[in-house]
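Working notes for the structure below.
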Amino acid sequence: MWTTLTDSLSQLGESPFWHPLERSLYWLDIPGRAALRTRGDIHNPTVERWDMPTEPGCMAPARSGGVVIALRDGIYRAREWGGTLKALARVDHDVLKMRFNDGKCDPLGRFWAGTLNEAKDGANAALYCLDARGGRAPALKQMANEATTANGLAFSPDADTLYWADTAAHRVVAWTWAARVNTLSRRRVFQQFDEKPSGWTPESPLRYQGRPDGATVDAEGHYWVAMFEGGQLMRFAPSGELVASLPTPVQCPTMPCFGGDDLRTLFVTTARRGRPASELELRPASGHVIAMRVATPGLPVNFFED
């Protein structure tokens, strides 16, 4: 049974994570240019808002306090909530049509973030990894490319597999990942979804599963992906077998994460920006964070190490 988080409305919610020390849920509103977090009882929270100078694509908690966050032009560090944003690394892309999008930290404390081509006129988005461990100078390395809309980043529990999606291509790929030396090999297509049928609308009889947006992995190593416009989350075994499809009360779920003290509350950010009025009337939870209790726990959030 889905519930809607109080006072959680965003235009396009993304990048949720559960902060175990604060017992708070964090997430972003990308076009709203804001970071948000809950305070107090998660079932009836106070929501704090932190305005950003440009669109935030993703963020992660830092071990020494505060967050690391990818804005339109680069990756920034704030030592506390609402604090000064200090640039750690910038990317030389055309900020008029390219920005950072989905990302998170890996189990070794490096921050990964992919980019997005807003013009959708070429597969020139990339996936980057920022390493600032041990107080070293932040080093940014491109790990993958040839995508249009970077999404779906997740790591297997054994740190042996890395998943990455290109939403525009309706595709999730996987690599064999040597986490310690941070190399990717054996790229393969993990899931290839059907394109949107011509003339499809949410009310039409045409079948459309949606396209892969944000993702996470549970304690059993299953890959959970939000299917934008598909009104569902899909759960895949490491083999690629579809294990479950979980309908959502919104047409456009954007990214799942696990939280709560036992990591068995599934939180999902959602979108309402640009959606038709008829859809928003029929699905009033659109744009809110929705939550549901699940049987299999997730993995704790990975912290940025610097």
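Quick note: numbers below take in every heavy atom, side chains included, and nothing from hydrogens, waters or symmetry partners. A quick note: this is a predicted structure, and the numbers were derived from the prediction, not measured. Sequence positions, counted from 1, serve as the residue numbers for this chain.
- For the pair P253 and L233, the minimum side-chain heavy-atom distance is below 4.5 Å.
- Side-chain polar atoms of N302 and D106 form no donor-acceptor pair below 3.5 angstrom.
- In this structure, the side chain to side chain contact (heavy atoms under 4.5 Å, CB included) partners of P202, at least two apart in sequence or on a different chain, are W200, Q251, R275, E279.
- At least one donor-acceptor pair under 3.5 Å links the side chain of S24 to the backbone N or O of T38.
- A ring-centre distance under 6.0 Å is found for Y26 and W81.
- Side-chain N or O atoms of D131 include one that pairs as donor or acceptor with a backbone N or O of R133 at under 3.5 Å.
- Residues R77 and S64 bring a donor and an acceptor atom of their side chains to less than 3.5 Å of each other.
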Subject >> Audit row: W27, S10, side chain to side chain donor-acceptor pair (under 3.5 Å) steps and yes/no >> reply: CA-CA 10 Å; W27 74 100; S10 300; 3.2 Å; yes
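- Side-chain atoms of S156 and D158 form a donor-acceptor pair, as typed in the model, at a separation below 3.5 Å.
- Ring pair F267/F258: centre-to-centre distance not below 6.0 Å.
- Looking at D102, its side chain never comes within 3.5 Å of a backbone N or O of G214 through a donor-acceptor pair.
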**OP:** Report the C-alpha distance between E14 and T269 in whole Å, list the side-chain angles of each, state the deciding distance to 0.1 Å, and finish with yes or no for side chain to side chain donor-acceptor pair (under 3.5 Å).
**Re:** CA-CA 6 Å; E14 275 287 4; T269 49; 4.6 Å; no
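- Taking the ring centroids of F228 and H170, they lie at or beyond the 6.0 Å cut-off.
- The backbone N or O of L153 sits less than 3.5 Å from a side-chain atom of K104, completing a donor-acceptor pair.
- Using a 4.0 Å cut-off between charged nitrogen and carboxylate oxygen, D166 and R171 do not count as a salt-bridge pair.
- A donor-acceptor pair under 3.5 Å is absent between the side-chain atoms of Q142 and the main chain of A126, judged by distance alone.
- No hydrogens or angles considered: nothing links the side chains of T167 and D213 as a donor-acceptor pair under 3.5 Å.
- Looking at R180 and N182, their side chains never bring a donor and an acceptor atom within 3.5 Å of each other.
- For D121, the CG atom sits in a packed shell: over 12 heavy atoms of surrounding residues, nucleotides or ligands are nearer than 6.0 Å.
- When atom types are taken as modelled, the side chain of D29 and the backbone of L12 share a donor-acceptor pair closer than 3.5 angstrom.
- A donor and an acceptor atom, one from each side chain of T176 and R186, are located under 3.5 Å apart.
- A distance-only check finds no donor-acceptor pair linking the side chain of W18 to the backbone of T265 [under 3.5 Å].
- Remark: the T248 side chain and the Q232 side chain contain no N/O donor-acceptor pair separated by less than 3.5 Å.
- Residues forming a side chain to side chain contact (heavy atoms under 4.5 Å, CB included) with L96 (at least two apart in sequence, or on another chain): D94.
- A cation-pi arrangement is absent between R188 and W175, since the terminal nitrogen or guanidinium carbon is not both under 6.0 Å from the aromatic centre and inside a 45° cone about the axis.
- Counted by atom type alone, W177 and D160 present zero donor-acceptor pairs between their side chains at under 3.5 Å.
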